[in-house]
Amino acid sequence: MASTPLQPVRGTRDLIGEDFRRYHHVVTAARRITGLYGFEEWATPIFEDTRVFARSLGETSDVVSKEMYSFTDRGGDSITLRPENTAGVCRALVSNGLTQSNLPRKVFYAGPMFRYERPQKGRYRQFHQIGAEILGAAEPLADAEVIAAGWNILEALGISDGVVLEINTLGDAESRDAYRTALVAHFTAHKDSLSEDSRIRLEKNPMRILDSKDEGDRRIVATAPTIQPYLTPAASAFFAAVLKHLETLGVPTRENPRIVRGLDYYSHTAFEFVTDRLGAQGTVMAGGRYDGLVEEMGGPATPSVGWAAGVERLSMLLAASPAAPRPVAVIPVSEAQEPAAIQLTQQLRAAGVTAEIAYKGNLKRRMERANKIGARAALILGEDEVAQGVVQLRDLDAGTQDRIPPAEAVARLIG
RNA sequence: GCGGUCGUAGCUCAGCUGGUAGAGCGCCAGGUUGUGGUCUUGGAUGUCGCGGGUUCGAGCCCCGUCGAUCGCCCCA
């Protein structure tokens, strides 16, 4: 029976060629920039005890049951492929006994995440995130710095001018409770005009109505109260300090009182870097302050702030594909010159020059191969050359060719 | 989980109102002796996503399924 061809599992894809180069370029830039801010890179497991994520999500509705890749392992434990990495980093902080000293700790990570969702533009079931967290810092400068690091990454990638930082505060617990009450009162008063989805949100997660896409909802949202009047003086001062630091750091910001977070451990700063170039999936980097999460993982109160960004989305925004490296092709004219060619190839590599030697074919074949791999130059070794201790250095762009000693060829190719 | 669109050679696609498939690019082999990228000659390639149905006959019609894509829900 003809079985269906093997293909990648829905929502997964291979990163090959240009796709991988884009991915690598984004991660490398993020690693470099966060390094400049003193972040250290962590690699935590890509699967965790399901409780790690269940706790971070609290009782949040169907997210836990419907959108996580969970399974029972052979020991009977419930395991979940990480849907994000903040919870894992907080768990690691606690598990490794790092909550008592050397705080704040600044952590960078990059790696695959898994969510059981319907794929759409820039959104896959296995996707990749980079993220930065500052653990154990209650000061607004931490918020500002972690955001600035994110901004610098976007700048380094050359995509910052299509992106704007939208920022809001959720205040402290007291501010939030008061605001939530006011919000519920407002939406309840307009309940009949709300969309069906938003009526459900009103019961489950009223703050989410603020970013409803329904046009009717938006009119009601427009007249909804903002959090500002409900902020305690301390919360208000905190937000003002974050904004001031961001200004000093040179990060252009736009306050957006509609940015919210659904989960209880979030407080104070909430932000999103947003672009209009990716259709419905416009958020390119998002984060906030989460003062309660480390406690959920069984550690002491550890105020923290951070963000995560989808590598696929950042990759799509790159204007140009990072160039593939251009090797030097070493070409023996016949098998007799292979030993000499192999040695020359190794000399090039030892000198830091990317070099390849074709495994088969006559001179014509190997030249074609050199062209196909995008070689910038070919080093041709024939009977005469080997006998006379020289090599033909052919510039494959210019089409020029010089007969010179191997050492000189290597020296030229380094430059 | 829900809805729109789509699924033909490696890639991009054409295929009229149903009569058992085509182009361009790419690939392979030539255009004599140790030289690629241009040019030129010739060649190979598809169970038309998969399964079922209607029909004398289906790539074209119907149903299902898988996948892609755009959006909704969700967004930790």
Side-chain angles (χ1 to χ4, degrees), chain A residues 1-13 52-68 80 82-90 113-124 127 129 131 195-198 200-201 204-205 207-208 211-214 259-266 270 272 278-283 286-288 290 293 296 306-308 310 313 329 331-334 336-337 358 361-386 392-401:
Chain A
M1 290 304 296
S3 59
T4 46
L6 291 175
Q7 43 190 203
V9 172
R10 174 168 222 186
T12 67
R13 59 178 204 146
V52 170
F53 307 112
R55 280 188 199 174
S56 76
L57 292 166
E59 295 307 311
T60 309
S61 61
D62 41 47
V63 172
V64 174
S65 56
K66 281 184 172 175
E67 299 188 19
M68 297 202 312
T80 296
R82 63 185 187 190
E84 51 93 21
N85 205 29
T86 304
V89 165
C90 289
M113 308 291 161
F114 306 84
R115 297 182 187 180
Y116 194 85
E117 300 180 293
R118 191 76 178 259
Q120 15 176 319
K121 193 179 188 64
R123 183 175 187 173
Y124 301 91
F127 58 104
Q129 283 190 332
S195 68
E196 198 177 329
D197 285 333
S198 285
I200 294 167
R201 292 189 182 106
K204 288 160 66 176
N205 198 347
M207 285 192 162
R208 278 284 163 206
D211 47 25
S212 170
K213 286 169 186 167
D214 183 89
I259 290 180
V260 294
R261 289 288 117 93
L263 303 178
D264 285 339
Y265 58 75
Y266 281 109
E272 296 178 2
L278 287 178
Q281 307 300 321
T283 300
Y290 48 95
L293 187 53
E296 293 290 336
W307 52 255
R313 292 188 196 173
I331 299 177
V333 172
S334 71
Q337 290 83 47
N362 56 25
L363 178 55
K364 183 181 168 72
R365 283 282 155 273
R366 294 192 204 222
M367 286 298 288
E368 283 174 355
R369 166 82 187 163
N371 199 53
K372 265 174 211 159
I373 63 176
R376 59 193 168 107
L379 287 175
I380 302 159
L381 280 164
E383 203 177 340
D384 298 349
E385 284 80 8
V386 172
Q392 301 278 3
L393 169 56
R394 183 174 182 83
D395 183 317
L396 291 175
D397 292 327
T400 55
Q401 192 162 315

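Quick note: numbers below take in every heavy atom, side chains included, and nothing from hydrogens, waters or symmetry partners. All chains are named by letter (A, B, ...) in the order of the sequence lines, taking the proteins before the strands, and each is independently numbered beginning at 1.
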* In whole angstrom, give me the gap between the P atoms of B/C39 and B/G52. => 46 Å
* May I ask you to test the A/E117-A/E67 pair for a side-chain heavy-atom distance under 4.5 Å? => yes
* A/Q392 and A/E385 side chains, donor-acceptor separation under 3.5 Å -> yes
* Taking the side chain of A/Y124 as heavy atoms from C-beta outward, which of B/U69, B/A76, B/G34 is closest to it? -> B/U69
* **A/Q120, nearest nucleotide to its side chain (from B/G71, B/A68, B/G34)** => B/G71
* **Nearest to side-chain heavy atoms of A/R201, which nucleotide of B/C73, B/G34, B/A76** => B/C73
* To do: Go through the steps for A/D214 and A/D197 under the test side-chain contact (heavy atoms from CB on, under 4.5 Å), then give the verdict.
  => CA-CA 9 Å; A/D214 183 89; A/D197 285 333; over 6 Å; no
* To do: Go through the N and O atoms of the side chain of A/R365 and the base of B/G36, and report whether any donor-acceptor pair is under 3.5 Å.
  => no
* Distance between C1' atoms of B/C70 and B/U8 (Å, rounded) -> 23 Å
* Mind checking the OG1-CZ spacing from A/T12 to A/F114? Nearest 0.5 Å is all I need. => 9.5 Å
* Asked: Rounding to the closest angstrom, what is the interatomic distance between B/U5 and B/C62 at atom P?
  -> 12 Å
* To do: Report yes if a donor N or O on one partner sits less than 3.5 Å from an acceptor N or O on the other, where the partners are the side chain of A/N371 and the base of B/G36; otherwise report no.
  => yes
* To do: May I ask you to verify whether the side chain of A/Q337 and the base of B/G34 hold a donor-acceptor pair under 3.5 Å?
  => no
* To do: Between B/C48 and B/U20, how far apart are the C1' atoms? Round to whole Å, please.
  => 11 Å
* Give every residue pair that meets the side-chain hydrogen bond (donor to acceptor under 3.5 Å, both in side chains) criterion with at least one member in residues 366-382 of chain A, sequence neighbours excluded. => A/R365-A/E368
* Just to confirm, is there a sub-4.0 Å distance from OP1 or OP2 of B/C75 to any side-chain nitrogen or oxygen of A/R208? -> yes
* Report the nucleotide, chosen from B/G67, B/G36, B/C74, that has the shortest atom-to-atom distance to any side-chain atom of A/R10. => B/G67
* Asked: Looking only at atom P, what distance separates B/C74 and B/G15, rounded to whole Å?
  -> 41 Å
Check nucleotides 9-12 of chain B against the protein and report each pair of N or O atoms closer than 3.5 Å, with its distance, or say if there are none.
none

* Considering only the C1' atoms, how many Å lie between B/C13 and B/A9, rounded to the nearest integer? -> 11 Å
* Is A/R123 side chain donor-acceptor paired with the B/C70 base, going by distance under 3.5 Å alone? -> no
* Structure fact -> Taking B/C73, B/C74, B/G67 as options, the one with an atom nearest any side-chain atom of A/D197 is B/C73
* **Minimum heavy-atom distance A/L57-A/M68, with the two atoms named** => CD1-SD, 4.1 Å
* Report yes if at least one side-chain N or O of A/K364 is closer than 4.0 Å to OP1 or OP2 of B/U35; otherwise report no. => no
* Asked: In whole angstrom, what separates A/L379's CG from B/G34's C1'?
  -> 15 Å
* **Any donor-acceptor N/O pair under 3.5 Å between B/U35 base and A/Q401 side chain** => yes
* Which whole-number value in Å describes the distance from A/D211 CG to B/C72 C1'? -> 14 Å
* To do: Provide the closest heavy-atom pair for A/F53 versus A/T80 in the form atom of the first, atom of the second, distance.
  => CE1-O, 3.6 Å
* To do: Examine B/C72: is either OP1 or OP2 under 4.0 Å from a nitrogen or oxygen in the side chain of A/K213? Give yes or no.
  => yes
* N/O (side chain, A/R118) to phosphate O (OP1/OP2, B/G3) under 4.0 Å -> no
* C1' atom, B/G19 versus B/A58: distance in rounded Å? -> 9 Å
* Structure fact -> Stems field, RNA chain B, Watson-Crick or wobble, 3.5 Å, at least 3 pairs, by first number, holds B:1-7 with B:66-72, B:10-13 with B:22-25, B:27-31 with B:39-43, B:49-53 with B:61-65
* With rounding to whole Å, what would you report as the distance between B/C72 and B/C56 at their P atoms? -> 47 Å
* Side-chain heavy atoms of A/C90 within contact of A/Y290, under 4.5 Å -> yes
